[in-house]
2 protein chains.
Amino acid sequence: MMSYDELDSRKMMILKAVIDDYITSKEPVGSRTIAKKYDMGLSSATIRNEMADLEEMGYLSQPHTSAGRIPSDKGYRLYVDKLMNPLVTDLKPSEEDIIEICGYMQDKIHELNQMVKAASEIVSRLTHYTAIGMANNEIKHSVKALQIIPVDLRKVLVVVVLDNDTIKNQMVKVEQTLSTEELSRLSVICSELLTGSRADNISLEMINEIVGLSGVERERVLPIVDGVLDCIKQCDSAEIYTEGTANLLEHPEFNDVSKAKTLLELFNNEAEMAKLLQGCDNAGAKGIVVKIGTENEITQVSDCSVVTATYSLNGVNLGTIGVIGPTRMDYNKVISALEYVRRRMLPE
Amino acid sequence: MMSYDELDSRKMMILKAVIDDYITSKEPVGSRTIAKKYDMGLSSATIRNEMADLEEMGYLSQPHTSAGRIPSDKGYRLYVDKLMNPLVTDLKPSEEDIIEICGYMQDKIHELNQMVKAASEIVSRLTHYTAIGMANNEIKHSVKALQIIPVDLRKVLVVVVLDNDTIKNQMVKVEQTLSTEELSRLSVICSELLTGSRADNISLEMINEIVGLSGVERERVLPIVDGVLDCIKQCDSAEIYTEGTANLLEHPEFNDVSKAKTLLELFNNEAEMAKLLQGCDNAGAKGIVVKIGTENEITQVSDCSVVTATYSLNGVNLGTIGVIGPTRMDYNKVISALEYVRRRMLPE
DNA sequence: TGTTAGCACTCAAGATAAACGAGTGCTAAC
DNA sequence: GTTAGCACTCGTTTATCTTGAGTGCTAACA
């Protein structure tokens with residue numbers, strides 16, 4: 001953790017004013033603006049000197065000689081860590097939003113993925129940025145329920161529920177059909193032997209045991225057992241929900257079409273998106289991590305900030321929701337929204 | 001069906017040349033260009049006269065006085081119906097595409113939704129436009145398999161497979177737990193009574209019968225039975241896959257950010273997207289429908305064309321895949337791609 | 001009568017230049 | 001240490017000019 005002792009309180013105050021102003025005005029901010037708008041009993045010249053200092057120290061930068069200052073990543077970092085206004089905890093979503101949210105909140109949503117998707121959508125609405133949701137898959141979850149269902153002569157369906165309430169299913173094509181009795185026996189056997197196991201935890205012996213207990217010829221059960229294992233393994237590839245992609249285009253920093261395109265493509269790349277969220281596991285005090293600009297490992301977002309919140313219940317990590325926007329984002333609003341969702345979605 | 005007798009073959013030839021050229025060059029095309037590039041033994045002046053006629057008849061228009069001509073919706077219509085080159089049936093996807101496609105085509109994909117999603121992605125890659133896929137939900141499908149699975153003390157999972165191989169599942173919260181035996185009996189009863197039914201086809205009597213046969217107190221089974229019905233009903237709300245949204249920004253007609261935003265928002269609106277695909281049910285000879293510009297009912301796409309293909313197997317409508325792009329799209333390429341996917345995905 | 005060469009005309013797009021103004025750094029006075 | 005004042009910078013805006021692709025029209029031609 002770096003210290004900011006090099007800055008006296010006046011410099012801090014000025015830096016905060018500059019960033020606050022830039023976040024709302026979207027324009028480089030000059031000394032005179034600060035002097036006028038924020039009554040700190042200083043002339044523009046004084047502020048000018050301070051701003052020159054701040055630039056030299058790397059907290060601000062100038063797009064060109066005769067322009068105002070804009071914050072650097074370092075500046076934002078200090079802002080987020082120390083300067084930002086206290087969170088607005090009474091964030092008031094619009095009427096329409098409330099209706100929408102209530103719709104989702106009906107207790108129909110027991111399934112984690114659904115909940116994550118709904119939460120992401122809410123966050124994106126509240127913030128007007130793009131939100132990404134991912135149910136936790138870092139901790140390997142174990143099987144809570146498992147069933148094999150006959151569908152038709154050539155197909156069976158494997159359904160697995162994990163202990164974090166995600167559901168996976170997989171259709172398996174079978175060459176040689178099994179009788180209903182054989183199948184239901186197999187289902188019970190699999191369920192008994194595999195419940196509690198994790199994907200990385202299933203040994204060859206277990207498989208052999210299942211095949212043996214099933215009382216069916218090896219070549220007839222094996223495809224199905226394979227399907228079951230596939231289905232369990234599949235659970236490691238989390239689904240990712242990206243909501244509010246259109247919001248990107250609201251912000252002037254993405255008026256450049258090629259920039260917007262790069263990001264849109266990133267949004268459609270699940271693997272990269274997962275990386276983006278996973279870089280943020282060592283969550284801070286509140287489980288919220290802010291990555292500013294080049295602090296992100298993915299180069300496409302080096303002029304974006306990513307704010308992620310990790311949600312857990314009873315010590316179990318449920319998932320992560322992230323917000324992605326320009327470095328000039330309203331950090332306060334974003335963090336408030338993520339906190340709002342935490343309060344709203346998770347029982348105390 | 002309107003007739004185009006008003007056009008002699010020379011006008012047709014010129015119209016075709018103009019549209020062909022415009023589709024590739026993206027620029028309004030002038031008489032001189034046509035005279036030079038397409039050797040039709042006519043001077044630019046003659047072509048100029050013909051183009052003036054074509055404009056008067058509404059097949060072409062001019063962005064401004066001293067510019068070349070661009071096709072109108074009416075022009076595109078005639079082009080698609082009569083003038084367009086025969087399909088390129090030997091469409092050769094790139095090496096990378098082939099690998100990708102083979103990956104999808106592994107016989108893992110038995111589930112319809114997955115297949116539709118994969119097909120949409122392929123189409124979007126082949127065409128560089130945005131593709132939309134939707135498994136058919138217009139014909140109500142009937143239940144092919146159904147099972148109720150205990151998950152934990154307070155939750156059961158309902159899984160339904162329809163006769164078009166879509167899978168739906170729904171988690172149901174129960175207040176008063178049922179024993180495993182009760183649950184499996186209920187599962188069998190539901191399965192026996194509901195298999196073959198459609199969502200709009202389930203009567204109150206059937207529900208009462210299920211409750212009666214279950215041998216469990218009404219208030220304990222009813223939530224679960226409700227969950228089952230919900231799950232079946234849910235099948236009517238088809239999932240829609242939109243692939244290649246980023247491709248939008250490749251085309252100069254969407255350089256205008258606000259236009260792009262409008263479309264991106266549309267893409268995230270499942271209800272509207274479904275409407276877009278459903279307007280195209282009275283499929284033509286090959287099951288492919290082209291809607292040009294204002295022919296679409298949705299105003300946001302009045303400067304786009306939508307090409308949809310309906311796929312069926314053994315007379316059963318499986319689903320629809322659509323491509324959306326500027327009216328100046330490469331209709332030939334798009335239709336070829338949709339046909340390609342038909343050949344590739346559907347066994348003969 | 002249909003085709004073509006020629007020419008004046010139009011108009012978007014690009015280039016050039018001037019005026020503007022927001023903002024700076026520096027200096028000197030307070 | 002603070003501030004008023006001033007010269008300077010440089011992106012933005014506005015106006016003006018030039019260019020060139022393309023047209024419509026007319027008159028001559030086959």
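Chain letters run A, B, ... following the sequence lines, proteins first and then strands; every chain starts at 1.
By the side chain to side chain donor-acceptor pair (under 3.5 Å) test, B/T46 pairs with B/S43, sequence neighbours left out. For the ring-ring contact (aromatic ring centres under 6.0 Å, His included) test, no residue two or more places apart in sequence or in another chain qualifies with B/Y79. B/E295 meets the side chain to side chain donor-acceptor pair (under 3.5 Å) test with B/R77; sequence neighbours excluded. For the ring-ring contact (aromatic ring centres under 6.0 Å, His included) test, no residue two or more places apart in sequence or in another chain qualifies with A/F267. Looking at residues two or more places apart in sequence or on another chain, you find a ring-ring contact (aromatic ring centres under 6.0 Å, His included) between B/Y76 and B/Y331.
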- Query: Taking protein heavy atoms under 4.0 Å as touching, what does nucleotides 15-30 of chain C look like 5' to 3' if B marks base contact, S marks sugar-phosphate-only contact and - marks none?
  - Reply: -------BSBBB----
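Nucleotide D/dG22 holds its C1' atom 14 Å from the CG atom of B/L60, rounded to whole Å. Rounded to a whole Å, the NZ atom of A/K11 is 10 Å from the P atom of D/dT2. To the nearest angstrom, C1' of C/dT4 lies 17 Å from NZ of B/K36. D/dT2 atom C1' lies 12 Å from atom CD1 of A/I47, rounded to whole Å. Atom CG of B/L42 and atom P of C/dT3 are 7 Å apart (whole Å).
For residues 58-71 of chain A, the pairs satisfying salt bridge (Lys or Arg N to Asp or Glu O under 4.0 Å) are A/E55-A/R69, with sequence neighbours left out. Under the salt bridge (Lys or Arg N to Asp or Glu O under 4.0 Å) criterion, the residue pairs touching residues 34-47 of chain B are B/D21-B/K37, with sequence neighbours excluded.
Counting only Watson-Crick and G-U wobble pairs whose two key distances fall under 3.5 Å, DNA chain C forms stems of three or more stacked pairs at C:1-30 with D:1-30.
Taking 4.0 Å as the cut-off between side-chain N and carboxylate O, B/E297 and B/K275 do not count as a salt-bridged pair.
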